[in-house]
Amino acid sequence: MITCHAFRANLRPGSSEPELLEHLRHCDACLDHAVGVDPDFLFRSIGGEELVPPGGVDAFTHDVMQQLHVRTTETRLAHRVLSWPRRLAVAATIAAAMTGAAVVWQHDENAKAPMQPMASATTTKRATPAAVVASLTTKPVVETYDSKNATIVEVPSEGANDVKVVMIFDEQLPADL
Amino acid sequence: MIPTNQTIEPDDRQLVETIRGGDPGAFELLVRRKTSKVYSLCYRIIGNAEDAKDISQLVFIKLWENLEKYDAQYAFDTWLYRMVTNVAIDFMRNKQSRDNAVNSNLRLVKTSFDAEQGVVIQRKEIESVFNAVSTCLSPKQKTIFVMNQMDDMPSSEIAKVLGCRESTVRNHLFNARKLMQQQLRKQFPEYSRLWKEQQ
């Protein structure tokens with residue numbers, strides 16, 4: 001370290017020569033003088049020396065290496081153990097989604113089948129006798145019917161697959177049937 | 001012939017290559033070698049020993065995780081300092097927003113001191129004065145000020161570390177000085193008198 005005399009002789013505002021800064025940071029006697037030359041030396045006097053973390057370098061290094069070891073182990077375990085459950089979870093989700101979609105589709109198909117005659121009946125309600133029959137299906141079902149005055153007319157069907165329509169004319173038949 | 005146990009220590013770049021080759025012992029050596037540098041910078045930026053220690057440890061963990069990205073054509077210390085400043089600035093930003101939320105109305109203003117009274121500068125006090133007045137600086141301004149004034153890094157080197165222009169560094173330095181003088185006037189009038197005497 002240079003002498004106080006040399007320091008005071010060479011110090012100028014803004015000086016940054018290493019030997020001057022070293023003296024500034026270690027000599028209490030010259031601190032006032034330096035700040036008088038340039039007030040910016042006030043905070044400049046703090047720096048310089050290298051500090052040691054609390055507990056020392058050995059303890060610090062040990063902590064860092066320990067943390068690294070834990071992190072490395074965690075990462076390794078995450079790759080080995082967690083990747084399979086994750087893959088399984090994804091596969092299970094896909095399978096569940098496909099099963100759900102199939103069930104819904106099946107349900108829709110089942111629901112569509114009895115609805116079809118209704119749909120056609122509503123569109124041709126007034127035009128065809130089938131529409132009358134279709135509208136009757138919404139009314140209460142008569143399980144037994146006995147009458148001597150009724151006239152039964154069977155509507156001729158066009159094909160073997162056509163619905164068989166039977167018309168009953170009876171003055172005693174309840175109006176809301 | 002005198003037998004010697006001295007071995008030539010590998011430089012930083014060689015050490016990094018050894019670590020990349022899978023030698024954790026080399027990393028331990030690198031941590032030992034750089035602990036003081038990293039901790040000193042963290043401590044001066046953050047101003048608290050325990051926080052500085054935690055941040056320094058985080059820096060070394062990030063260093064380990066990103067070692068593959070280091071390009072050996074650049075100085076290792078520049079790359080290391082960049083990591084330190086990034087982590088420390090992030091920490092300071094989070095801390096500032098936490099402190100602002102908690103102490104938004106709290107200001108420590110020391111006005112009872114007679115500004116005309118002379119000041120006997122005590123080395124022990126300077127650090128706490130710096131910690132008090134540097135709270136007015138942004139994390140980046142403080143980092144640049146610390147690197148330049150306390151670690152004696154030239155602005156060209158700081159620009160490399162922070163990945164910005166040298167003129168930006170000089171601007172930050174100028175503004176940091178100005179802001180701290182204003183803060184000194186408010187909080188420590190006895191010190192601000194030093195600048196008045198110069199003018």
Side-chain angles (χ1 to χ4, degrees), chain A residues 4 7 11-76 78-79, chain B residues 24-25 27-44 49-50 52-54 56-61 63-65 119-124 126-127 129-131 133-134 145-152 154 176-177 180-181 184 191-199:
Chain A
C4 293
F7 174 75
L11 191 71
R12 301 279 177 275
S15 294
S16 58
E17 288 82 355
E19 63 273 18
L20 292 174
L21 291 176
E22 189 198 6
H23 191 95
L24 170 75
R25 285 162 181 162
H26 291 99
C27 179
D28 289 339
C30 290
L31 186 58
D32 269 329
H33 171 79
V35 174
V37 171
D38 182 355
D40 284 343
F41 284 130
L42 180 72
F43 294 137
R44 201 115 213 227
S45 67
I46 304 174
E49 60 179 328
E50 288 196 341
L51 307 170
V52 175
V57 175
D58 284 345
F60 179 88
T61 310
H62 177 77
D63 285 352
V64 171
M65 295 311 288
Q66 193 124 17
Q67 282 187 43
L68 274 183
H69 180 71
V70 170
R71 283 203 181 206
T72 316
T73 310
E74 275 176 1
T75 314
R76 204 182 304 136
H79 277 294
Chain B
F27 186 72
E28 192 171 339
L29 183 61
L30 187 73
V31 174
R32 271 180 205 284
R33 189 182 284 181
K34 301 293 177 187
T35 292
S36 293
K37 255 186 201 297
V38 170
Y39 176 76
S40 303
L41 184 57
C42 284
Y43 177 77
R44 285 181 184 129
E50 280 306 316
K53 186 182 164 189
D54 291 345
S56 305
Q57 286 183 351
L58 189 60
V59 166
F60 283 112
I61 286 162
L63 186 75
W64 168 265
E65 289 170 349
V119 55
V120 179
I121 300 165
Q122 292 191 341
R123 199 176 289 277
K124 276 186 278 179
I126 301 173
E127 201 175 306
V129 170
F130 173 72
N131 285 335
V133 296
S134 63
F145 187 85
V146 164
M147 284 197 285
N148 181 260
Q149 296 287 296
M150 297 171 194
D151 273 13
D152 306 328
R177 280 202 189 92
M180 284 205 294
Q181 280 174 29
L184 268 173
Y191 282 97
S192 71
R193 196 167 167 266
L194 296 168
W195 275 267
K196 277 181 197 166
E197 281 169 355
Q198 284 286 307
Q199 288 162 3

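We use all heavy atoms of the structure for the numbers below, so side chains are in, but hydrogens, waters and symmetry mates are not. Just so it is clear: chains get the letters A, B, ... in the order the sequence lines come, proteins before strands, and each one is counted from 1.
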- Task: Might you point out which heavy atoms bring B/K53 and A/P54 nearest each other, and give the distance in Å?
- Result: NZ-O, 3.7 Å
- Query: Which answer fits A/R25, side chain, backbone, both or neither, if we ask what part of it has an atom under 4.5 Å from a heavy atom of chain B?
  - Reply: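 Both backbone and side chain.
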- Sorted by chain and number, sequence neighbours left out, side chain to side chain contact (heavy atoms under 4.5 Å, CB included) with A/A59 holds for none
State the [atom1]-[atom2] distance between [X] and [Y], to the nearest 0.5 angstrom.
X: A/L51; Y: B/K37; atom1: CG; atom2: NZ; value: 12.5 Å
X: A/T61; Y: B/F60; atom1: OG1; atom2: CZ; value: 7.5 Å
X: B/Q57; Y: A/F60; atom1: CD; atom2: CZ; value: 5.0 Å

Under 4.5 Å from any heavy atom of chain A, what part of [X] do you find: side chain, backbone, both or neither?
X: B/A52; value: neither
X: B/F130; value: both
X: B/R44; value: side chain
X: B/V146; value: neither

Any non-hydrogen side-chain atom of [X] less than 4.5 Å from a side-chain atom of [Y]?
X: B/I126; Y: A/L31; answer: yes
X: B/Q149; Y: A/I46; answer: no
X: A/R71; Y: B/W64; answer: no
X: A/V52; Y: B/Y39; answer: no

- Message: Between B/R32 and A/D58, does the side-chain contact (heavy atoms from CB on, under 4.5 Å) criterion hold? Intermediate values first, please.
- Response: CA-CA 7 Å; B/R32 271 180 205 284; A/D58 284 345; 2.3 Å; yes
- When only pairs under 4.5 Å are counted, which of B/L58, B/L41, B/D152 shares the most heavy-atom pairs with chain A?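 Most heavy-atom pairs under 4.5 Å with chain A: B/D152.
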Pairs under 3.5 angstrom only: tabulate donor-acceptor contacts from the side chains of residues 13-23 of chain A to other protein residues two or more places apart or in another chain.
residue: A/S15; atom: OG; partner: A/R12; partner atom: N; Å: 2.9
residue: A/S15; atom: OG; partner: A/R12; partner atom: O; Å: 2.7
residue: A/H23; atom: ND1; partner: A/I2; partner atom: O; Å: 2.8

- Task: Between chain B and each of A/G47, A/G55, A/P53, count heavy-atom pairs under 4.5 Å; write down the option with the most.
- Result: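 Maximum pair count with chain B is reached by A/P53.
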